[in-house]
Each structure stands twice: as C-alpha cells, then as structure tokens.
Number of protein chains: 2
Amino acid sequence: MSPSNSPNLTPNLALERKPERKKSAAKSAAILDGAMQEFLANGYAATSMDRVAAAAGVSKATVYSHFHDKSSLFASLVQELAEESFKATSIDLRDASTFTGEPREVLTRLAREILDEATCDPKFCEFIRLIIGESGRFPELSKPYIQNVAKPVIDGLTHYLSTCETLHLNDPEASARTFMGTLIYFVMLQRLLGGAELMPMESDRIVTTLVNLIVPTC
Amino acid sequence: MSPSNSPNLTPNLALERKPERKKSAAKSAAILDGAMQEFLANGYAATSMDRVAAAAGVSKATVYSHFHDKSSLFASLVQELAEESFKATSIDLRDASTFTGEPREVLTRLAREILDEATCDPKFCEFIRLIIGESGRFPELSKPYIQNVAKPVIDGLTHYLSTCETLHLNDPEASARTFMGTLIYFVMLQRLLGGAELMPMESDRIVTTLVNLIVPTC
DNA sequence: GTCTATAAGGAGATAGAC
DNA sequence: GTCTATCTCCTTATAGAC
C-alpha cells in the first residue's frame with residue numbers, strides 16, 4: 001500500500017522515452033494488425049490464434065495477455081475496422097465540397113468515389129464479407145458496422161437529397177437506400193461473388209443509370 | 001466384363017421396391033439435409049462432420065462413403081441449394097402471369113414477392129450469408145449461385161424492362177440491377193445485419209420509392 | 001453399405017521461467 | 001510483459017467388424 005514502492009509514482013521524470021514494459025500499445029496494435037490480416041483472409045472460425053500471433057510477430061501468450069480470448073480479439077478488431085472504415089467514407093460526408101454543384105454532378109461523383117473505394121481497397125470488400133458472413137454467430141458485431149459505416153452514409157445522403165428541391169423526392173431516405181443498394185449490390189455481385197466473368201457490367205453504366213433515375217430528365 | 005454378372009442388367013424385374021443397399025439416394029438426401037442445417041447455421045469452418053452426421057442420423061463413416069471429404073460435401077450442398085433457390089424464384093420468371101399488367105403493378109408485385117420470400121424463408125437469408133461469407137475461400141461456389149439465382153433473375157427482369165416502351169429506359173440491364181440491388185441491400189441491412197433496430201425502414205417505402213423511380217410519373 | 005473405434009493432428013487457453 | 005512448453009479437447013479422416 002505504501003506509495004514509495006509503487007513504480008507508478010515516477011511519472012514526472014524523464015523516463016517516458018521507453019513505454020515498452022507496460023503492455024505497450026504498440027504490441028496491441030501489432031496484434032490487431034495480425035488479427036486483421038488473418039480474420040479478413042480466413043474468417044473467424046478458420047483463423048487460429050497461432051497464426052494471429054505469428055502474423056503479429058509475438059507469442060500466443062502475449063496475444064492472450066492483451067485480449068481475453070479469441071472472440072474478444074475479434075470484437076476489438078471489428079470495432080477498429082468499423083471506425084477506420086467510417087473515417088475513410090465519412091471524410092466525404094463532412095466535407096462540404098462533396099455536396100457542392102449540380103445534384104447530377106454531386107451524385108455521379110459520390111457514386112464513383114464509393115465504387116472506386118470498393119474496387120481499390122481490397123480490405124473494404126473483405127470487411128463486408130466478414131461482417132455478413134459472421135453476423136449470424138456474432139449479431140452484436142454488425143452494430144459497429146451499421147452505426148459507424150452504413151448509417152452515417154445513409155443519413156448523410158438522406159440529408160443531402162432532402163435539401164435538393166429540384167429532385168422532388170417523396171422519400172429521401174428510401175431514395176438514399178436505393179442509391180447505396182445499387183452500388184453495394186454491384187460490388188457484391190462483381191467483386192465479392194466474382195460475377196465479373198459470368199455477368200459482366202461496367203460500373204459507368206450503373207452510375208449513369210442510377211443518377212438518371214434519381215435526377216429527373218423531363 | 002460379362003454383362004451377365006452386372007447387377008445393372010435386371011432393370012425390368014419387379015425388384016425396385018427396395019433400393020436400400022446401393023448407397024441409397026435416401027441416405028444421400030438425409031446427409032445433404034443434415035449438412036444444410038449445420039452449414040447454414042454455422043458456416044463452413046465451424047461445422048464439424050460429427051454434427052453433420054448426427055443431424056443426418058447416420059454415422060460419420062457413412063457420410064464419408066457418400067462424399068469424399070468435407071469440402072466436396074459443402075460443394076454438393078451449395079449446388080443443390082442454388083438449384084432449389086433457383087426453382088423458388090424462377091417460377092415467377094417463367095410464369096407469364098408474373099409480367100401481365102401495367103409496369104407499375106408488375107414491378108410492385110415482383111418487389112413484394114422478393115421481399116416476402118427473403119422475409120419468410122430464413123434459409124434464403126442464411127444461404128446468401130453463407131455464399132458471401134465463404135466465397136473468399138471457395139470462389140467456385142459462388143458460380144452456382146450466380147448462374148442459377150442471380151443471373152436468371154437479372155436477365156428475366158432485363159428482358160421485361162426492355163419490352164416496356166413506356167418506361168423509356170436507356171439501359172434495361174443496369175436498371176434491373178438497380179431494382180434488385182435496392183431490394184437485396186434492404187434485406188442485407190435489415191435482416192442479415194440486424195439493422196431493423198438501429199435504422200428501421202418499412203419495406204413498403206422501399207417498394208414504392210423504387211417503383212416510382214423506374215416508372216416515370218411525369 | 002453401415003457401423004464402432006481409433007489414428008493423427010490442430011485448436012484454444014494456461015503455467016511458469018525470465 | 002513476454003516467452004516456451006504444455007494441457008486438454010475436438011477436428012478430419014480411416015480401418016476393420018458385421
């Protein structure tokens with residue numbers, strides 16, 4: 001109980017150079033990185049803690065000292081990915097320049113950005129695959145995705161659509177879901193399910209058609 | 001080589017009552033049934049062959065006598081489910097009455113049927129979850145789904161939309177994908193990811209908005 | 001053709017040295 | 001705090017009786 005023995009009581013000294021020996025956040029990040037690599041590639045059940053440890057460059061016991069068990073490591077990873085993905089897509093939503101211009105231009109630009117991100121960032125597709133695939137056994141884990149990714153995007157788009165009087169949309173939120181659904185379904189068929197060979201489709205045709213449906217032409 | 005010894009050469013006799021002792025198709029069906037139950041509930045990696053055997057009411061050795069290994073059993077199951085699902089949804093497409101009436105009525109009816117099936121048949125959602133979740137490690141297995149389920153629906157809808165001159169659609173196939181994408185994304189968010197609580201939405205609003213976007217109102 | 005019993009290996013999780 | 005070594009259970013797949 002005597003504070004003189006406690007190593008916690010030397011915080012003001014210039015010893016902060018090496019935060020090594022206090023369950024370093026660096027190790028935690030490395031473990032989450034290894035977990036990301038393995039879980040995204042193999043899914044939950046097919047990923048072993050040995051491989052996570054190897055991918056992280058630490059021993060298995062270290063993994064268990066940072067995370068109580070496999071499922072809580074998985075939960076932490078999903079949480080982190082949801083927030084990271086959120087940042088990636090929400091930059092667009094909070095940036096005013098995203099929504100400046102004619103509705104036709106704005107929606108075209110937005111659709112292209114979303115498809116580009118899905119195409120160029122393989123982690124994005126793998127994350128969606130993981131969330132959908134494991135949401136049956138981990139129902140709670142879809143919440144971070146909904147709250148941090150899907151809902152902000154739908155809400156932001158809904159707000160934008162509701163401010164465009166020229167579009168005369170009766171139900172902006174349902175329209176926003178049509179917008180996102182068209183894009184996500186395209187990614188799902190072409191990228192996730194490898195439909196590019198069996199039923200090819202150019203992304204520009206999807207974007208053009210989608211924008212034409214929402215922005216009245218007559 | 002002598003055909004007189006071949007058991008195949010007694011097809012005309014009245015012995016067809018008991019096809020028991022020839023790797024009975026009934027057992028195969030029972031195994032596939034058990035496999036369906038387990039794989040749909042747990043995914044591929046988390047399903048054990050012991051539980052498949054138990055669910056099928058046979059021993060594990062019997063499972064291995066009908067299917068070479070776990071992955072080929074899984075492949076057979078996916079193939080069967082894709083064909084079964086295909087029948088379920090393609091009845092609508094081959095039935096002429098599905099496409100009779102005003103485009104607005106036809107599309108509304110079709111959208112409601114698809115959402116109803118996704119809502120009432122839990123196997124439908126679990127199958128989609130399984131296909132998406134495992135398509136990373138079993139890329140071939142998404143082909144039966146694409147060929148037997150997704151492509152026929154898109155193609156049938158594309159053909160219908162292209163015959164509706166009143167709709168003046170520039171790109172019927174891209175429009176068909178918008179139609180299906182909106183519905184599947186709705187099912188994905190609300191049913192698969194449990195978004196019903198966090199971002200509720202009535203299916204009727206989706207259907208109404210979707211039909212209004214495709215069928216011109218002015 | 002179907003069963004019981006078992007082989008061979010990998011999984012999650014922990015004990016104890018340092 | 002991190003490691004090596006280990007415990008225990010469960011996995012896929014097969015061998016051999018009937």
Side-chain angles (χ1 to χ4, degrees), chain A residues 5-8 10-11 15-35 37-39 41-78 134 137-138, chain B residues 5-8 10 15-35 37-39 41-77 134 137-138:
Chain A
N5 291 340
S6 169
N8 302 342
T10 54
L15 293 177
E16 317 209 333
R17 272 190 329 126
K18 259 198 168 184
E20 296 261 315
R21 300 280 163 188
K22 59 163 190 172
K23 196 179 267 189
S24 62
K27 279 272 166 71
S28 276
I31 293 169
L32 281 172
D33 246 44
Q37 188 178 316
E38 295 298 320
F39 281 127
N42 311 315
Y44 178 79
T47 293
S48 75
M49 295 295 266
D50 293 78
R51 297 184 51 152
V52 169
V58 301
S59 76
K60 192 161 56 167
T62 300
V63 174
Y64 278 98
S65 96
H66 285 251
F67 301 92
H68 178 253
D69 58 11
K70 186 182 178 182
S71 65
S72 76
L73 169 60
F74 185 58
S76 298
L77 171 70
V78 170
E134 308 294 348
R137 276 149 293 159
F138 297 94
Chain B
N5 290 342
S6 170
N8 301 342
T10 55
L15 293 179
E16 318 208 332
R17 273 191 327 128
K18 258 198 169 184
E20 297 262 315
R21 299 280 164 188
K22 60 163 188 173
K23 198 177 266 190
S24 63
K27 279 271 167 69
S28 275
I31 293 170
L32 281 172
D33 246 44
Q37 188 178 316
E38 295 298 320
F39 281 127
N42 311 316
Y44 178 79
T47 292
S48 75
M49 295 294 265
D50 294 77
R51 297 184 53 154
V52 169
V58 301
S59 76
K60 193 162 53 169
T62 300
V63 174
Y64 278 99
S65 97
H66 285 251
F67 300 92
H68 179 254
D69 58 10
K70 186 183 178 182
S71 66
S72 76
L73 169 60
F74 185 58
S76 298
L77 170 70
E134 307 295 347
R137 276 149 292 159
F138 297 94

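To find a chain, count down the sequence lines: A is the first, B the second, and so on, and within it residues start at 1.
If you check dT11(D), dT4(D), dT2(D) against the side chain of S48(B), the one that comes closest is dT11(D). Checking dA11(C), dT12(D), dC3(C) against the side-chain heavy atoms of T62(B) singles out dC3(C) as nearest.
At a threshold of 4.0 angstrom between heavy atoms, the contacts of S59(A) include nucleobase atoms, whether or not backbone atoms are also involved. Note on T47(B): only backbone sugar-phosphate atoms sit closer than 4.0 angstrom, heavy atoms only; bases stay farther off.
Taking side-chain N and O atoms only, K70(A) has no distance below 4.0 Å to OP1 or OP2 of dA13(C).
Distance, E38(B) CD to dT11(D) P: 11 Å, rounded to whole Å. Remark: P of dT11(D) and CG of D50(B) are 6 Å apart, rounded to the nearest angstrom. In this structure, CG of N42(A) is placed 15 Å from P of dG10(C), rounded to the nearest angstrom. In this structure, the CD1 atom of I31(A) is 7 Å from the P atom of dT2(D), given to the nearest Å. Between R51(A) atom CZ and dG12(C) atom P there is a gap of 11 Å when expressed in whole angstrom units. Atom NZ of K60(A) and atom C1' of dT8(D) are 12 Å apart (whole Å). Going from atom OH of Y64(B) over to atom P of dC3(C) covers 15 Å, rounded to whole Å. Note: CE (M49(A)) to P (dA13(C)) measures 6 Å, nearest angstrom.
Within the 4.5 Å cutoff, the side chain of V58(B) has no heavy atoms near those of the H66(B) side chain.
Using modelled atom types, no side-chain atom of S28(A) and backbone atom of A25(A) make a donor-acceptor pair closer than 3.5 Å.
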